[in-house]
Student: 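Sharing a structure with you now.
Residue numbers start from 1 in every chain, and the chains themselves are labelled A, B, ... in the order their sequence lines are given, proteins ahead of strands. Keep in mind the model is a prediction, meaning the values are calculated, not measured.
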Amino acid sequence: MNINNIKKPNITSEEINEQIKPVLREMEKVGIKIDCNALKRLDKKLGKKLVKIKGEIFKLASREFNIDSPIQMAEVLFKELKLSTDGLKRTKSGISTAASELNKIKSEHAIIAPILEHREISKLLSTYLRPLPALVDKNDRLHTTYGLETSTGRLTSSEPNLQNIPIRGKHGDEIRSTFIADKGMKLIAADYSQIELRIVACLAGDTAMIDAFKKNEDIHTRTAAEIFNTKPNKVSRDQRRKAKAVNFGIVYGQTPYGLSQTLGIKIEEAAEYILHYFDIHRGIKGYINEMIEKAHTDGFVETLFGSKRYLPNINSRIRYIAEAEERMAINTPVQGTAAEVLKLAMIKLSQELAKLSGESGVKSGEKLLQDQNSKLLASSTRMLLTVHDEIVVECPEKEAKKVAKIVKDTMENIIGLCVPLQAEAGIGDNWSEAK
DNA sequence: ACAATGGTCC
DNA sequence: ACTCGGACCATTGTA
């Protein structure tokens, strides 16, 4: 890896993981408050809607069946209603009824739209709205468990997973807004902007990309201008959307097929975009080749802080297996380094926030003030959540602005890359508002 | 109890 | 002919 663009870290990934552990245990213990009543109201509202949609689906299918069963769904759609199956993905047991596939035949029959809506709502009900209220403590707070065992170095969150709480979709905001700050407190949500792209720009030493980030340009617009041979101010919304998918895909080792699926365009068109992209971004192309070559010869790749991922099947004669590991070889250093940067920021931030409750707290060492002090700590500033490139903090209302600045500054200055790191911090009474 | 399928997040 | 990076969880249906 060409690390000439980056200062050599003086800490290893193992040390980072040791230091993040107590920080995570503390976050788990504190938990985050949710508005159970709001959650139950939403449950009721969407529950009613679901019943209505169910009726529509049965009417259009001319019979009742289990909508949650892909087998029965496929039978209704493809045997009874005889919807076309060509171009649709197959599963072991027949035709796939995944949303991405149903979207392709949406115009064929009026039953598809309510099915998709049913899927969306039943997902929210069964995974979030119903289970979460049952998991709160006596203070209405949810406590997740963070894990360190991933192949890239990212954190996991389980029981409950608070890293996949809905944010897109029709009801995303409604659900996020049930994650609230305690009385007298505010939530601060801060996330890195395009941290993975910034990291790959540096790992790859891609001059065009480094230049863009240094000038604080809109990276997707710039990419669009590049691949569509136009000026940034002439880029259309659709061109920017496509360029965003291209940028996104770089980090994943995206293929023309994958990009065509994501964008719903022809493979040939996708291939053109990618080729044109690599023509301009020689650094990125070089990085990809370098990682694949390293994985073939060494059997592993590594992150900036030295976390290794072994790829034992990269020399497999079965092509798709070898190719899968080649994509991991491309992605792991990027995703893994981003994870390390976030962990470092969390470690530093926990220290900064601890200092904060120290200064605003007790002035003398009097014994009497000790429980006052512990009360103060209970309502003081602390980290609650982390979601891969985001940190959520809770703090007293009056300090929110000050704390937001500390969070943002800590995240942005945690490491000197070849391009600036940027973090956006928002303040609100709930998670949705704070973003 | 477990595999398959599908869906949510970054 | 067919595929993209990393997780966790709910439901169905079979063993």
Student: Pull out every residue in residues 253-262 of chain A that has a heavy atom closer than 4.0 Å to any atom of DNA chain C, ordered by number, or say none.
Tutor: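 Within residues 253-262 of chain A, the residues near DNA chain C are Q254(A), T255(A), Y257(A), G258(A), L259(A), T262(A).
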Student: Would you tabulate the nitrogen or oxygen pairs shorter than 3.5 Å linking the protein to nucleotides 9-11 of chain C?
Tutor:
from, atom 1, to, atom 2, distance (Å)
dC9(C), OP1, E159(A), N, 2.7

Student: By the 4.0 Å heavy-atom rule, please label R168(A) as base, sugar-phosphate, or nothing.
Tutor: base
Student: Indicate yes or no for a side-chain donor-acceptor contact from T91(A) to the backbone of I95(A) under 3.5 Å, with no hydrogens or angles considered.
Tutor: no
Student: Can any side-chain N or O of T127(A) pair as donor or acceptor with the backbone N or O of L124(A) at less than 3.5 Å?
Tutor: no
Student: What's the closest nucleotide to the P166(A) side chain, out of dG6(C), dC4(C), dT8(B)?
Tutor: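 My answer, after comparing the listed nucleotides, is dT8(B).
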Student: Measuring from atom CD1 of I195(A) to atom CD of Q422(A), what distance do you get when rounded to the nearest 0.5 angstrom?
Tutor: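 The distance works out to 12.0 Å.
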Student: Examine distances only and state if a side-chain atom of R176(A) and a backbone atom of I165(A) form a donor-acceptor pair shorter than 3.5 Å.
Tutor: yes
Student: So which nucleotide from dC10(B), dT8(B), dG6(B) ends up closest to the side chain of Y128(A)?
Tutor: dT8(B)
Student: Tell me: CD1 of I115(A) to P of dT5(B), nearest whole Å?
Tutor: 18 Å
Student: Just checking I71(A): base, sugar-phosphate only, or nothing, at a heavy-atom cut-off of under 4.0 Å?
Tutor: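 I71(A): backbone/sugar contact only, no base atoms under 4.0 Å.
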Student: Take the protein atom OH of Y320(A) and the nucleotide atom P of dC2(C), then report the distance between them rounded to whole Å.
Tutor: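 Result: 12 Å.
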Student: Could you tell me the separation between the CG atom of L342(A) and the C1' atom of dG6(C), rounded to a whole number of Å?
Tutor: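 It is 14 Å, rounded to the nearest whole Å.
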Student: Pick base, sugar-phosphate or nothing for I167(A), based on heavy-atom distances below 4.0 Å to the nucleic acid.
Tutor: sugar-phosphate
Student: Does E340(A) reach the main-chain N or O of G153(A) with its side chain, forming a donor-acceptor pair under 3.5 Å?
Tutor: no
Student: When you compare dG6(B) with dC4(C), how far apart are their P atoms, in angstrom units rounded to a whole number?
Tutor: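 Per the computed distance, 15 Å lies between those P atoms.
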Student: When the distance from OH of Y146(A) to C1' of dC8(C) is rounded to whole Å, what number comes out?
Tutor: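 In whole Å, dC8(C) C1' and Y146(A) OH are 13 Å from each other.
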Student: Can you tell me the distance, in whole Å, between the CH2 atom of W431(A) and the P atom of dC10(B)?
Tutor: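 The distance from CH2 of W431(A) to P of dC10(B) comes to 8 Å, rounded to the nearest Å.
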Student: Is it the case that the base of dG6(C) and the side chain of Q335(A) share a donor-acceptor contact (distance under 3.5 Å, atom types as modelled)?
Tutor: no
Student: Is it the case that more than 12 heavy atoms not belonging to E159(A) sit under 6.0 Å from its CD atom?
Tutor: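 Atom CD in E159(A) is not crowded, with 12 or fewer foreign heavy atoms closer than 6.0 Å.
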Student: What's R130(A) touching, base or sugar-phosphate or nothing? Going by heavy atoms closer than 4.0 Å.
Tutor: nothing
Student: Rounding to a whole Å, what distance do you find between H388(A):NE2 and dA7(C):C1'?
Tutor: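 Whole-Å distance recorded here is 6 Å.
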Student: Classify the nucleic acid contact of I330(A) as base, sugar-phosphate or nothing, counting any heavy atom under 4.0 Å across all strands shown.
Tutor: nothing
Student: Take D279(A) and R282(A) through the test salt bridge (charged side-chain N to carboxylate O under 4.0 Å, His left out) and record every step on the way to the result.
Tutor: CA-CA 6 Å; D279(A) 210 35; R282(A) 298 299 174 84; 3.2 Å; yes
Student: So S122(A), base contact, sugar-phosphate only, or nothing? Heavy-atom distance under 4.0 Å.
Tutor: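 The answer is nothing, as S122(A) stays clear of every strand by at least 4.0 Å.
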Student: Return the orientation label for the Y310(A) and F300(A) ring planes: parallel under 30°, perpendicular over 60°, tilted otherwise.
Tutor: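 Y310(A) vs F300(A) ring planes: tilted.
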Student: Closer than 3.5 angstrom, by distance alone: can the side chain of T156(A) be matched with the main-chain N or O of G147(A) as a donor-acceptor pair?
Tutor: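 Yes, T156(A) side chain to G147(A) backbone: donor-acceptor pair under 3.5 Å.
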Student: Quick one: do the N247(A) and Q194(A) side chains pair a donor with an acceptor below 3.5 Å?
Tutor: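 Note: N247(A) and Q194(A) side chains miss the donor-acceptor criterion.
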Student: Without decimals, in angstroms, what is the distance between Y252(A) OH and dC10(B) C1'?
Tutor: 7 Å
Student: Looking at every strand, decide which applies to E196(A) at a 4.0 Å heavy-atom threshold: base, sugar-phosphate, or nothing.
Tutor: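 No contact at all - E196(A) keeps every heavy atom at 4.0 Å or more from the nucleic acid.
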Student: Whole angstroms only, please: what is the CG-C1' distance between L148(A) and dA7(C)?
Tutor: 13 Å
Student: At less than 3.5 Å, do the side-chain atoms of R154(A) and the base atoms of dC10(B) form a donor-acceptor pair?
Tutor: yes
Student: On a whole-Å scale, what distance lies between the P atoms belonging to dA1(C) and dG7(B)?
Tutor: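 Per the computed distance, 26 Å lies between those P atoms.
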Student: When you measure from the side chain of E433(A) to the backbone N and O of D429(A), does any donor-acceptor pair fall under 3.5 Å?
Tutor: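 Yes, because the side chain of E433(A) sits within donor-acceptor range (under 3.5 Å) of the backbone of D429(A).
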Student: Checking R198(A) against Y192(A) for the side-chain contact (heavy atoms from CB on, under 4.5 Å) test, could you report, in this order, the C-alpha distance in whole Å, the side-chain angles of both residues, the deciding distance, and whether it holds?
Tutor: CA-CA 10 Å; R198(A) 289 171 198 262; Y192(A) 280 116; over 6 Å; no
Student: Report which part of the nucleic acid V387(A) touches: base, sugar-phosphate, or nothing (heavy-atom distance under 4.0 Å, all strands).
Tutor: sugar-phosphate
Student: So if I take every side-chain heavy atom of K435(A) and compare against dC10(B), dG6(C), dT8(B), which nucleotide ends up nearest?
Tutor: dC10(B)
Student: Please list, in numerical order, the residues of residues 75-110 of chain A that have a heavy atom closer than 4.0 Å to any atom of DNA chain B.
Tutor: T91(A), K92(A), S93(A), S96(A), T97(A), A98(A), A99(A)
Student: Just say parallel, tilted or perpendicular for the rings of Y252(A) and F248(A), cut-offs at 30° and 60°.
Tutor: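 Ring orientation, 0 to 90° scale: perpendicular.
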